[in-house]
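Just so you know, residue 1 is the first one in the sequence shown, and it goes up from there. We count ligands from 1, going down the list as the structure has it; atoms in each ligand are counted the same way. All heavy atoms count here, side chains included; hydrogens, waters and symmetry mates do not.
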Amino acid sequence: MNFIKYADRDLLAIDVANIIAGKLKATLLHEDYATLAVPGGTTPGRIFDALCAATLDWDRVFVLPTDERCVPPDHERSNARLIRERLLVNRAAAATFLPLYPGSGEPEDSLAEVEAMLTPRLPLSVLILGMGEDMHTASLFPGMEGLEAALAADSPVLAVARPETQPEPRVTLTGPVLNGAMSKHLILKGPEKRAALERALSMPPEEAPIAAVLDQISVHWAE
Ligand SMILES: O=C(O)[C@H](O)[C@@H](O)[C@H](O)[C@H](O)COP(=O)(O)O
């Protein structure tokens with residue numbers, strides 16, 4: 001695990017955007033396309049604001065969420081909405097979005113279609129993850145019903161029951177898909193999350209799901 005500390009959150013956002021753009025460009029030098037998975041939450045927006053202006057062949061990039069809340073695509077808690085409003089604009093508007101949830105109905109009803117869409121585009125070229133103070137990542141929450149399955153699943157995506165701390169059911173990329181990304185980045189802010197990450201280093205993924213993806217990951221942190 002490579003831990004990078006930034007002087008402030010703006011510098012983190014600008015630098016991570018540059019790093020991600022560089023990884024995408026490097027992938028596109030030798031691949032027909034690149035697949036970028038990004039988190040929801042309050043941290044990635046500033047990164048998206050910088051990344052969307054990067055000069056690269058966005059028309060050869062697939063963008064998907066690491067997880068999705070089961071809400072309509074225009075809902076304020078929708079990760080698809082966050083990505084469309086903050087990342088898939090400017091030059092990055094040329095990228096192709098791969099939704100994990102169609103925005104209505106039971107998530108299980110569309111999983112086969114999502115899996116068929118996603119599988120040919122794996123492994124992920126670049127992965128950005130966030131983490132909660134409870135050491136969840138994507139929608140892999142400690143104590144969640146179905147967590148063990150999601151940590152070890154053969155399928156790349158699973159619908160999971162509403163985590164206790166969340167208002168809606170989720171769809172999440174599974175542990176092996178996240179951990180198998182070619183370039184992995186964890187974005188963290190605040191002392192509480194740095195402490196939570198430290199704790200996770202000595203915990204099993206069933207108790208600290210972030211522990212399932214820490215192998216060869218770059219952690220980008222600012223106060
Ligand atoms: O859909 C989500 O909520 C995210 O994928 C989730 O895993 C997020 O990354 C963490 O909760 C950290 O969120 P912050 O960026 O707000 O700290």
Checklist entry - Is it the side chain (CB and beyond), the backbone, both or neither of Asn79 that lies under 4.0 Å from ligand 1, heavy atoms counted? => result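 For Asn79, only side-chain atoms sit under 4.0 Å from ligand 1.
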
Considering distance alone, does some N or O of [X] sit under 3.5 Å from an N or O of ligand 1?
X: Thr137; answer: no
X: Ala138; answer: yes
X: Ser139; answer: no
X: Gly132; answer: no

Next on the checklist: So is Lys189 touching ligand 1 or not, going by heavy atoms under 4.0 Å?
Outcome noted: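 In this structure, Lys189 qualifies as a contact of ligand 1 - some heavy atom is under 4.0 Å.
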
Next on the checklist: With a 4.0 Å cut-off on heavy atoms, is Lys193 in contact with ligand 1?
Outcome noted: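 Yes, Lys193 has heavy atoms under 4.0 Å from ligand 1.
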
Does [Y] offer a backbone N or O that forms a donor-acceptor pair with the side chain of [X] under 3.5 Å?
X: Arg91; Y: Ala53; value: yes
X: Arg9; Y: Glu223; value: yes
X: Glu68; Y: Pro99; value: no
X: Ser125; Y: Ala34; value: no
X: Arg60; Y: Glu31; value: yes
X: Thr174; Y: Ser155; value: yes

Enumerated ligand 1 atoms positioned under 4.0 Å from heavy atoms of [X]:
X: Thr43; answer: 14 (P), 15 (O), 17 (O)
X: Thr66; answer: 5 (O)
X: Gly130; answer: 9 (O)
X: Arg170; answer: 1 (O)

Item to check | Partner of Leu51 under side-chain contact (heavy atoms from CB on, under 4.5 Å), chosen from Val38, Val16, Leu36 | outcome: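 Of the listed residues Val38, Val16, Leu36, the side-chain contact (heavy atoms from CB on, under 4.5 Å) partner of Leu51 is Leu36.
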
Item to check | Shortest heavy-atom approach to atom 11 (O) of ligand 1 - which of Glu133, Glu192, His136 | outcome: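 Looking at heavy atoms only, His136 sits closest to atom 11 (O) of ligand 1.
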
Identify the protein heavy atom lying closest to [atom], giving its residue, its atom name and the separation to 0.1 Å.
atom: atom 5 (O) of ligand 1; answer: Asp67 OD1, 2.6 Å
atom: atom 8 (C) of ligand 1; answer: Gly40 O, 4.0 Å
atom: atom 3 (O) of ligand 1; answer: Arg69 NH2, 2.8 Å

Checklist entry - Of all residues at least two apart in sequence or in a different chain, which pass the ring-ring contact (aromatic ring centres under 6.0 Å, His included) check with Phe97? => result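 Once residues adjacent in sequence are excluded, Phe97 has no partner under the ring-ring contact (aromatic ring centres under 6.0 Å, His included) criterion.
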
Report, one line per pair, each donor and acceptor closer than 3.5 Å where one atom sits in a side chain of residues 179-189; sequence neighbours left out.
from	atom 1	to	atom 2	distance (Å)
Asn179	OD1	Lys184	NZ	2.6
Ser183	OG	His185	NE2	2.8
Lys184	NZ	Asn179	O	3.2
Lys184	NZ	Val213	O	3.4
Lys184	NZ	Asp215	O	2.5
His185	ND1	His220	NE2	2.9
Lys189	NZ	Thr42	OG1	2.7
Lys189	NZ	Thr43	OG1	2.7

Checklist entry - Per the side chain to side chain donor-acceptor pair (under 3.5 Å) rule, which among Arg69, Arg77, His75 passes with Glu168? => result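 Testing Glu168 for a side chain to side chain donor-acceptor pair (under 3.5 Å) against Arg69, Arg77, His75 leaves exactly one candidate, Arg77.
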
